[in-house]
2 protein chains.
Amino acid sequence: MKFPNSYYISDYKLPINDYFVFGLSVDCVIFGYQEGEIKVLLVQRGLEPFKGNWALIGDLVEPKQNLCDAANNVLEKLTGLKNIYLKQFFAFGSVDRHPLDRVVTVGYFSLVNSMDYKPIASSWAKSARWFNINDLPELAFDHHTILLKGIETLKDEVRHKPTGFELLPPKFTLLELQLLYEALLGYKFDKSNFRKKIIEMNILKPLKEAKENVSHRPAQLFEFDEKRYRALEKEGFSFEL
Amino acid sequence: MKFPNSYYISDYKLPINDYFVFGLSVDCVIFGYQEGEIKVLLVQRGLEPFKGNWALIGDLVEPKQNLCDAANNVLEKLTGLKNIYLKQFFAFGSVDRHPLDRVVTVGYFSLVNSMDYKPIASSWAKSARWFNINDLPELAFDHHTILLKGIETLKDEVRHKPTGFELLPPKFTLLELQLLYEALLGYKFDKSNFRKKIIEMNILKPLKEAKENVSHRPAQLFEFDEKRYRALEKEGFSFEL
DNA sequence: GTACTTATAGTATTTTTTACTTTAAGTATT
DNA sequence: AATACTTAAAGTAAAAAATACTATAAGTAC
């Protein structure tokens with residue numbers, strides 16, 4: 001038991017110890033990008049409840065574990081992916097969201113280049129793979145709701161921060177970048193104007209190399225200049241497409 | 001006890017029931033506006049821990065209470081304020097953020113016209129009052145961290161959504177609106193251009209009345225046209241200053 | 001009526017966005 | 001090696017938006 005009931009002198013309805021009964025979990029929404037499609041990483045549950053269903057990458061938090069550590073750990077435990085920057089986006093706390101007991105879950109999301117990360121299912125995950133965001137299976141718990149909120153956050157993030165670059169290989173062409181943003185935001189850009197805008201932002205480092213193995217004129221390759229972006233950000237620059 | 005330990009078949013370090021030991025709380029960051037200054041509503045704690053310290057408006061969530069209900073309830077319980085739209089902004093989950101036990105807290109924030117809401121302390125709140133955001137007392141727990149994150153969220157929100165109107169009385173002049181935004185965002189607008197921009201947005205309803213009791217030419221009063229805003233939003237309009 | 005203060009309208013210039021055109025540079029085909 | 005084809009990359013003109021500034025109107029205070 002945690003506290004003597006006399007500790008909190010106030011008007012609680014229950015003995016103070018009866019408040020320390022919540023389960024806490026984290027759920028990761030990992031977005032990827034491949035062949036012009038936005039993907040999300042899911043795992044198949046190998047245990048009850050929802051055994052056999054696909055679900056977001058999540059689990060209960062240890063009593064002595066920081067929230068953000070829990071998110072990173074569960075991602076590695078279930079899929080083998082590590083060193084991925086996870087960003088918290090929302091806490092889901094409906095009384096009935098978990099069929100067995102009161103579990104509040106905190107959602108994290110990330111963007112990665114799905115080519116670079118080959119998930120390997122382990123622990124209770126029977127399998128793990130990328131799903132096209134427009135072709136999802138039925139999900140466990142309220143994971144569909146969480147995913148929708150994650151997509152909303154993604155769009156907001158992508159429009160106001162240069163997060164999108166994380167989905168591309170380190171060296172990319174301007175057209176590849178444009179196609180990525182078109183997929184993420186759901187509308188088209190004028191090619192010429194997109195180039196101009198992004199180049200004038202001064203956050204891309206032009207390389208002397210060109211794309212290879214294309215059956216037409218190869219385009220110049222660029223790198224995202226993170227150092228430069230951080231510097232510009234300090235001066236008040238804000239990315240916006 | 002919740003589950004038989006056999007229920008979860010997987011590789012948990014502890015018996016499953018030992019995971020259901022979290023305390024959960026909500027904390028409300030209520031922003032107000034008065035005389036060109038941004039205020040935040042705080043309560044003085046009448047019980048341990050941090051007895052006597054000022055703190056955000058928050059408390060433990062009941063085991064059978066939805067997160068958002070908890071936020072609204074605690075606000076009314078401690079200050080008497082109700083029917084205030086609260087928006088979740090972040091969950092704070094460091095292991096050591098609460099000195100006594102593991103408590104994860106979820107932050108909510110809101111904007112109100114501090115003239116309209118006179119907080120009355122009750123329950124364990126010894127007193128409740130508005131503090132200027134630049135002149136804060138020492139706060140209980142990690143509430144200073146939470147408040148800073150709340151301010152960050154506020155600035156983001158204010159710049160991209162017409163939330164700021166909630167801080168003004170229902171009928172206001174354009175200059176009042178401009179001064180509010182200058183206080184919120186921390187920089188000045190050109191008077192003429194500000195008028196033009198906001199009027200062209202078509203989200204203000206011009207009234208036939210004028211400001212009274214001023215010692216100079218009185219300005220026309222306006223109302224925020226929420227209906228119109230919702231309609232425009234649906235068409236893809238996005239507020240931005 | 002005069003001085004003063006703020007409201008409100010207007011205008012001219014610059015900057016940015018948008019839509020579109022042209023030219024260049026490569027591959028593939030005959 | 002000429003031609004067709006594809007995409008890259010640069011340029012340009014018109015429209016729209018942002019900015020800086022001016023002028024006038026409408027009230028109060030004395």
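In this text, all values refer to a predicted model and were calculated from it rather than measured experimentally. Basis for what follows: all heavy atoms, side chains included, without hydrogens, waters or symmetry-related copies. Numbers restart at 1 for each chain; the letters A, B, ... are given by sequence-line order, proteins then strands.
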A/Lys87: which residues meet the side chain to side chain contact (heavy atoms under 4.5 Å, CB included) condition with it, sequence neighbours left out? A/Tyr85, A/Phe109, A/Glu157

Short N/O separations, protein against nucleotides 26-28 of chain D, under 3.5 angstrom:
| from | atom 1 | to | atom 2 | distance (Å) |
| --- | --- | --- | --- | --- |
| D/dA26 | O4' | B/Arg217 | NE | 3.4 |
| D/dA26 | O4' | B/Arg217 | NH1 | 3.3 |

Atom CD1 of A/Ile198 and atom P of D/dA9: how far apart are they, to the nearest Å? 14 Å

Taking the six-membered ring for Trp, is the centroid-to-centroid distance between B/Phe31 and B/Tyr33 below 6.0 Å? no

Just grab all the side chain to side chain donor-acceptor pair (under 3.5 Å) pairs involving residues 166-178 of chain B, residues at least two apart or on different chains. B/Lys171-B/Glu209, B/Glu176-B/Lys211, B/Gln178-B/Glu182

Rounded to whole Å, please give me the gap between CZ in B/Arg195 and C1' in D/dA20. 16 Å

Qualifying residues under side-chain hydrogen bond (donor to acceptor under 3.5 Å, both in side chains), relative to A/Tyr181, sequence neighbours excluded: none

Enclosure of A/His160 NE2 (heavy-atom neighbours >12, cutoff 6.0 Å): yes

Is a side-chain N or O of A/Ser122 found less than 3.5 angstrom from the main chain of A/Lys77, in a donor-acceptor match? yes

How many Å lie between NZ on A/Lys197 and P on C/dT18, as a whole number? 6 Å

Residues two or more places apart in sequence or in another chain: which of them pass side chain to side chain contact (heavy atoms under 4.5 Å, CB included) with A/Ala125? A/Val43, A/Leu78, A/Ala121

Test side chain to side chain contact (heavy atoms under 4.5 Å, CB included) on A/Lys196 and A/Asn193 and set out the steps. CA-CA 5 Å; A/Lys196 244 183 289 178; A/Asn193 297 331; 3.6 Å; yes

Nearest whole Å is fine: how far is C/dT17 C1' from A/Leu241 CG? 13 Å

How close or far is atom P of D/dA8 from atom CZ of A/Phe222, stated in whole angstroms? 11 Å

On the 0 to 90° scale, with breaks at 30° and 60°, tag the A/His143-A/Phe141 ring pair as parallel, tilted or perpendicular. tilted

Tell me, which stems hold DNA chain D, with a stem being 3 or more Watson-Crick or G-U pairs in a row and both distances under 3.5 Å? C:1-30 with D:1-30

Just the atom pairs and distances: protein N or O near nucleotides 10-14 of chain C's N or O, under 3.5 Å.
| from | atom 1 | to | atom 2 | distance (Å) |
| --- | --- | --- | --- | --- |
| C/dG10 | O6 | B/Ser192 | OG | 2.5 |
| C/dT11 | O4 | B/Lys196 | NZ | 2.8 |

Please indicate whether B/Leu136 has more than 12 foreign heavy atoms, meaning atoms of other residues, nucleotides or ligands, lying under 6.0 Å from its CG. yes

When you measure from every atom of DNA chain C, which of residues 169-188 of chain A have a heavy atom less than 4.0 Å away? none

For B/Pro206, all residues meeting side chain to side chain contact (heavy atoms under 4.5 Å, CB included), sequence neighbours excluded: B/Gln220, B/Phe222

List, with names and distances, any nitrogen or oxygen atoms from the protein found under 3.5 Å away from nitrogen or oxygen atoms belonging to nucleotides 1-4 of chain C.
none

Hey, would you say the B/Phe239 and B/Tyr229 ring centroids sit under 6.0 Å apart? no

In whole Å, what is the span from the NZ atom of A/Lys191 to the P atom of D/dT12? 19 Å

Rounded to the nearest 0.5 Å, the CD1 atom of A/Ile151 sits from the CG atom of A/Leu184 at a distance of 11.0 Å

Suppose we screen for side chain to side chain contact (heavy atoms under 4.5 Å, CB included). Which residues come up paired with A/Arg159, at least two apart in sequence or across chains? A/Leu185, A/Tyr187

Could you check how far CD of A/Glu212 sits from P of D/dT7, rounded to whole Å? 19 Å

Without placing hydrogens or testing angles, list every side-chain donor-acceptor pair under 3.5 Å for residues 197-205 of chain B, not counting sequence neighbours.
none

Are any non-hydrogen side-chain atoms of A/Phe89 and A/Leu154 less than 4.5 angstrom apart? no

For A/Glu200 and D/dA9, what is the distance between atoms CD and C1' respectively, to the nearest whole Å? 14 Å

